[in-house]
Peer 1: 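Quick one: this structure, given as structure tokens, is what I'll be asking you about.
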Amino acid sequence: MNLSTALLHALKDHGARAVFGLPGDFVLPFFKQLEDSAILPLYTLSHEPGVGFAADASARFSHGLGVAAVTYGAGALNMVNAVAASYAEKVPMVVISGAPGANERRNGFLLHHQTRSLDSQMAMFREITCDQVVLDDPARAPEQIARVLGNCLAQSRPVYIELPRDMVAAPCAPVPKLPAPSWDPEALQACVTELLARLATAERPMLLAGIEIRRFGIEEKVAKLARLLHLPVTTSIMGRGLLANAEAPLLGTYLGVAGDPQITHAVEGSDALLMLGVIVSDTNFGVSEKTIDMRKAILALDGQVEMGHHIYPNIPLEALVDGLLERGHSIACTPPPCRRAEYPYGLVADSAPLAPMDIARAVNDLMKQRGSFPIVSDIGDCFFTALDIEHTDLLAPGYYATMGYGVPAGLGLQADSGQRPIILVGDGAFQMTGWELGNCQRYGWDPIVIVFNNCSWEMLRTFQPESSFNNLSDWHFADMAKPMGGEGYRVSTRAELLAALDHAVEMRGRFQLIEAMIPRGVLSDTLNRFVAGVRRLQAGSGA
Ligand code: TPP
């Protein structure tokens with residue numbers, strides 16, 4: 001075994017199923033090892049942001065480990081935004097970067113792709129990864145790789161592995177798998193006792209599910225807990241899509257001012273809001289008209305539990321849920337006066353011009369007839385439209401909110417899981433990374449891509465309507481699909497949208513691109529509510 005194969009076996013043992021990459025000279029020898037060993041399949045894409053987003057999606061979808069392999073400098077630094085997104089949204093992704101070898105470090109020249117010093121790249125990645133290592137000593141490598149991968153999974157954050165190119169084939173022992181971090185059982189029991197007591201004395205307890213429950217693979221357990229405690233459940237915006245396949249008493253998604261008023265009222269009015277794995281971000285909570293009283297909330301996140309003024313450190317989320325399942329009992333609470341969220345169905349096939357809600361309706365109708373598809377969304381009105389699609393798996397950078405995620409993430413999802421996604425993306429975001437679709441033909445991927453083409457950065461226009469720089473040209477994306485190995489349809493009416501979607505679903509083996517022409521200024525209902533709510537909040541705060 002050499003250092004590369006030891007690393008690849010370790011990645012596989014820790015849950016990786018694929019490597020996404022783009023080579024360069026500093027990483028070519030590692031790519032050769034990757035291809036020759038066939039320990040993990042390698043999928044190359046066209047631009048490093050796409051590589052990062054695809055690896056992120058493969059980890060998000062199936063709570064495995066995402067892996068992105070790139071070259072030093074120009075490659076790795078091109079991926080900073082994608083890795084930052086994974087860091088912010090707690091995605092366990094391994095960045096493997098090639099690097100100069102020991103002799104090159106000593107030769108006195110500035111090396112190509114170098115920025116300030118040869119270690120500048122590592123310093124930059126230190127800010128957006130939870131652990132880092134340079135594998136320059138094959139004797140220590142097994143224990144270092146084990147530590148870094150262990151932290152990646154335990155903290156559910158990206159890590160950085162730098163592999164000097166002269167180390168790639170160095171003999172190396174296999175990588176051990178470290179035991180999961182331990183916790184103090186007495187502290188856990190004290191935490192469970194206090195938490196159950198708080199829920200039992202509350203009048204309106206409620207469970208808010210966040211993305212950590214997917215990252216740590218405990219959706220089934222959380223659903224069981226909700227049933228056991230008789231707690232109504234909502235998800236945060238970022239947690240949208242969670243529990244889609246679990247049997248939980250799910251009311252819908254908490255969207256503050258932009259959402260179903262009954263759900264908003266129930267969450268904001270809860271006197272014991274149990275937040276499991278919820279990132280306390282502005283997208284999750286900033287759109288609240290009535291600030292949630294965090295002193296009454298219980299927050300389990302980042303391996304600790306906060307209740308009022310008590311903090312229990314070192315309580316992993318799964319251990320907490322297991323503890324609650326062991327000792328929990330039905331809590332006689334008054335259920336909040338709300339029904340499950342309802343989604344729009346029944347698109348009429350007429351010649352009316354398209355609106356984003358028509359796309360939600362068409363996808364809902366499709367899923368009713370054909371079963372569910374995972375949805376991958378970019379940032380823009382397509383994301384708000386996705387919130388009107390029935391509860392199914394949804395991947396989207398809902399908090400970090402980077403554009404360019406949708407298409408490459410959809411490819412990562414299909415590569416990793418074999419499932420066919422529906423990708424929702426605005427024309428602005430498609431201009432960034434839509435071209436990655438050209439790689440589908442090499443791998444047989446066939447996502448259905450719906451481009452919301454309003455020839456505009458429309459979300460920005462909603463906040464600053466007077467600016468003409470938000471106007472984009474009409475790129476005619478559908479015409480570009482064929483030379484890229486796919487099929488494209490440009491649709492402007494509801495009847496055309498339905499026909500194109502029906503056709504796209506039937507066609508397997510090549511990507512299907514539906515370019516939905518939407519007039520500027522026509523928004524989804526959720527974005528309309530969001531914008532109106534934000535304006536109200538700003539007016540209220542005098543901003
Ligand atoms: N650059 C990145 C990488 N991410 C961002 N979120 C932004 C810039 C700022 N931004 C947020 S929404 C938006 C921009 C530029 C416009 C999105 O346009 P489009 O994809 O066409 O979707 P639409 O708003 O029209 O629905």
Side-chain angles (χ1 to χ4, degrees), residues 192 194-214 218-280 284-285 287-301 305-308 317 320-325 327-343 387-394 398 526:
V192 167
E194 182 178 349
L195 200 161
L196 289 173
R198 278 178 184 256
L199 291 179
T201 51
E203 280 174 21
R204 296 174 304 281
M206 175 164 246
L207 198 160
L208 185 63
I211 47 101
E212 272 196 356
I213 73 166
R214 164 70 57 96
I218 55 169
E219 282 170 82
E220 289 292 342
K221 286 186 181 181
V222 169
K224 195 170 161 197
L225 181 67
R227 294 197 303 270
L228 175 72
L229 301 181
H230 276 118
L231 282 181
V233 185
T234 53
T235 76
S236 61
I237 295 190
M238 273 190 70
R240 171 69 174 202
L242 293 175
L243 302 167
N245 306 310
E247 220 182 287
L250 189 65
L251 299 176
T253 302
Y254 170 67
L255 301 175
V257 289
D260 178 331
Q262 292 197 19
I263 293 177
T264 301
H265 188 70
V267 171
E268 293 173 0
S270 168
D271 55 353
L273 186 63
L274 173 57
M275 299 194 278
L276 294 181
V278 179
I279 294 181
V280 187
N284 276 337
F285 294 106
V287 285
S288 313
E289 210 139 24
K290 180 169 175 274
T291 314
I292 291 172
D293 187 349
M294 288 295 173
R295 286 167 313 173
K296 291 188 181 149
I298 302 158
L299 175 64
L301 182 76
V305 181
E306 280 181 56
M307 284 180 254
L317 190 59
L320 175 71
V321 172
D322 285 342
L324 290 169
L325 279 171
R327 293 192 27 218
H329 47 82
S330 170
I331 289 163
C333 66
T334 328
C338 49
R339 35 156 184 79
R340 279 169 178 254
E342 282 166 11
Y343 300 105
L387 301 175
D388 273 310
I389 290 176
E390 67 177 52
H391 205 77
T392 180
D393 282 308
L394 171 68
T526 307

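In this chain, numbering begins with 1 at the start of the sequence shown.
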Peer 1: Rounded to the nearest 0.5 Å, how far does OG1 of T253 lie from CG of D260?
Peer 2: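 Nearest 0.5 Å value for the CG-OG1 distance: 10.0 Å.
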Peer 1: For a quick check under 3.5 Å, do T235 and R240 share a side-chain donor-acceptor pair by atom type?
Peer 2: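 R240 and T235 do not have a side-chain donor-acceptor pair below 3.5 Å.
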Peer 1: Does some side-chain heavy atom of L325 sit less than 4.5 Å from a side-chain heavy atom of L228?
Peer 2: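 Counting from C-beta outward, L228 and L325 do come under 4.5 Å.
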Peer 1: Might you point out which heavy atoms bring V278 and A209 nearest each other, and give the distance in Å?
Peer 2: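 Taking every non-hydrogen atom into account, CG2-C, 3.9 Å.
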Peer 1: Could you tell me which non-hydrogen atom of Y343 sits nearest to which non-hydrogen atom of E390, and how far apart they are?
Peer 2: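 Heavy atoms only, the tightest pair is CD1-CA, 3.5 Å.
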Peer 1: What are the two closest non-hydrogen atoms of G256 and T264, and how far apart are they?
Peer 2: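 Where G256 meets T264 most closely, the heavy atoms are O-OG1, 2.8 Å.
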Peer 1: Of all heavy-atom pairs between G252 and I263, which one has the smallest distance, and what is that distance?
Peer 2: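 Heavy atoms of G252 and I263 come nearest at CA-CD1, 3.8 Å.
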Peer 1: If you measure from CG on L225 to CG on D322, what distance do you get to the nearest 0.5 Å?
Peer 2: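 Going from CG on L225 over to CG on D322, the span is 10.0 Å.
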Peer 1: Is there a side-chain contact between L273 and I298 (heavy atoms, below 4.5 Å)?
Peer 2: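 No, every pair of side-chain atoms sits at 4.5 Å or beyond.
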Peer 1: Starting at NE2 of H391, measure out to CG of L242 and round the result to the nearest 0.5 Å.
Peer 2: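 Rounded to the nearest 0.5 Å, the NE2-CG separation comes to 6.5 Å.
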Peer 1: Taking the side chain as every heavy atom from C-beta outward, state whether L231 and L274 have any pair of such atoms under 4.5 Å apart.
Peer 2: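 In contact.
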Peer 1: Can you name the nearest heavy-atom pair linking E247 to A223, along with the distance?
Peer 2: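 In terms of heavy atoms, the two residues are closest at O-CB, 3.6 Å.
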Peer 1: With rounding to the nearest 0.5 Å, note down the distance linking CG in L299 to CD in E306.
Peer 2: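 L299 CG to E306 CD: 5.5 Å, rounded to 0.5 Å.
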Peer 1: Step by step, work out the salt bridge (Lys or Arg N to Asp or Glu O under 4.0 Å) result for R214 and D393.
Peer 2: CA-CA 11 Å; R214 164 70 57 96; D393 282 308; 2.8 Å; yes
Peer 1: Find the distance between OG (S270) and NE2 (H265) and round it off to the nearest 0.5 Å.
Peer 2: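 S270 OG to H265 NE2: 11.0 Å, rounded to 0.5 Å.
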Peer 1: Might you point out which heavy atoms bring G277 and L301 nearest each other, and give the distance in Å?
Peer 2: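 That closest heavy-atom pairing would be C-CD1, 3.7 Å.
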Peer 1: Heavy-atom distance under 4.5 Å between the side chains of L394 and I389, does that happen here?
Peer 2: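 They are not in contact (no side-chain heavy atoms under 4.5 Å apart), so the answer is no.
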Peer 1: With rounding to the nearest 0.5 angstrom, report the CD to CD1 distance, E220 to I213.
Peer 2: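 Here the interatomic distance stands at 10.0 Å.
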Peer 1: Tell me whether D271 contacts the main-chain N or O of A202 through its side chain, where contact means a donor paired with an acceptor under 3.5 Å.
Peer 2: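 Absent.
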Peer 1: Is there a donor-acceptor contact under 3.5 Å from the side chain of T234 to the main chain of L208?
Peer 2: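 Such a contact is absent between T234 side chain and L208 backbone.
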Peer 1: Heavy atoms, side chains only, cut-off 4.5 Å: are V222 and V233 in contact?
Peer 2: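 Of all side-chain heavy-atom pairs linking V233 with V222, none is under 4.5 Å.
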Peer 1: Under the side chain to side chain donor-acceptor pair (under 3.5 Å) rule, collect the residues that match up with E194, sequence neighbours excluded.
Peer 2: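 Per chain and number, E194 pairs via side chain to side chain donor-acceptor pair (under 3.5 Å) with R198, H310, Y312.
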Peer 1: Does any non-hydrogen side-chain atom of E212 lie less than 4.5 Å from one of L276?
Peer 2: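 Of all side-chain heavy-atom pairs linking E212 with L276, none is under 4.5 Å.
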Peer 1: Is E219 reaching over with its side chain to a backbone N or O of L243, donor-acceptor style, under 3.5 angstrom?
Peer 2: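 Present.
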Peer 1: Are the side chains of L196 and L229 in touch, meaning some heavy atoms are under 4.5 Å apart?
Peer 2: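 Touching, per the 4.5 Å side-chain cut-off.
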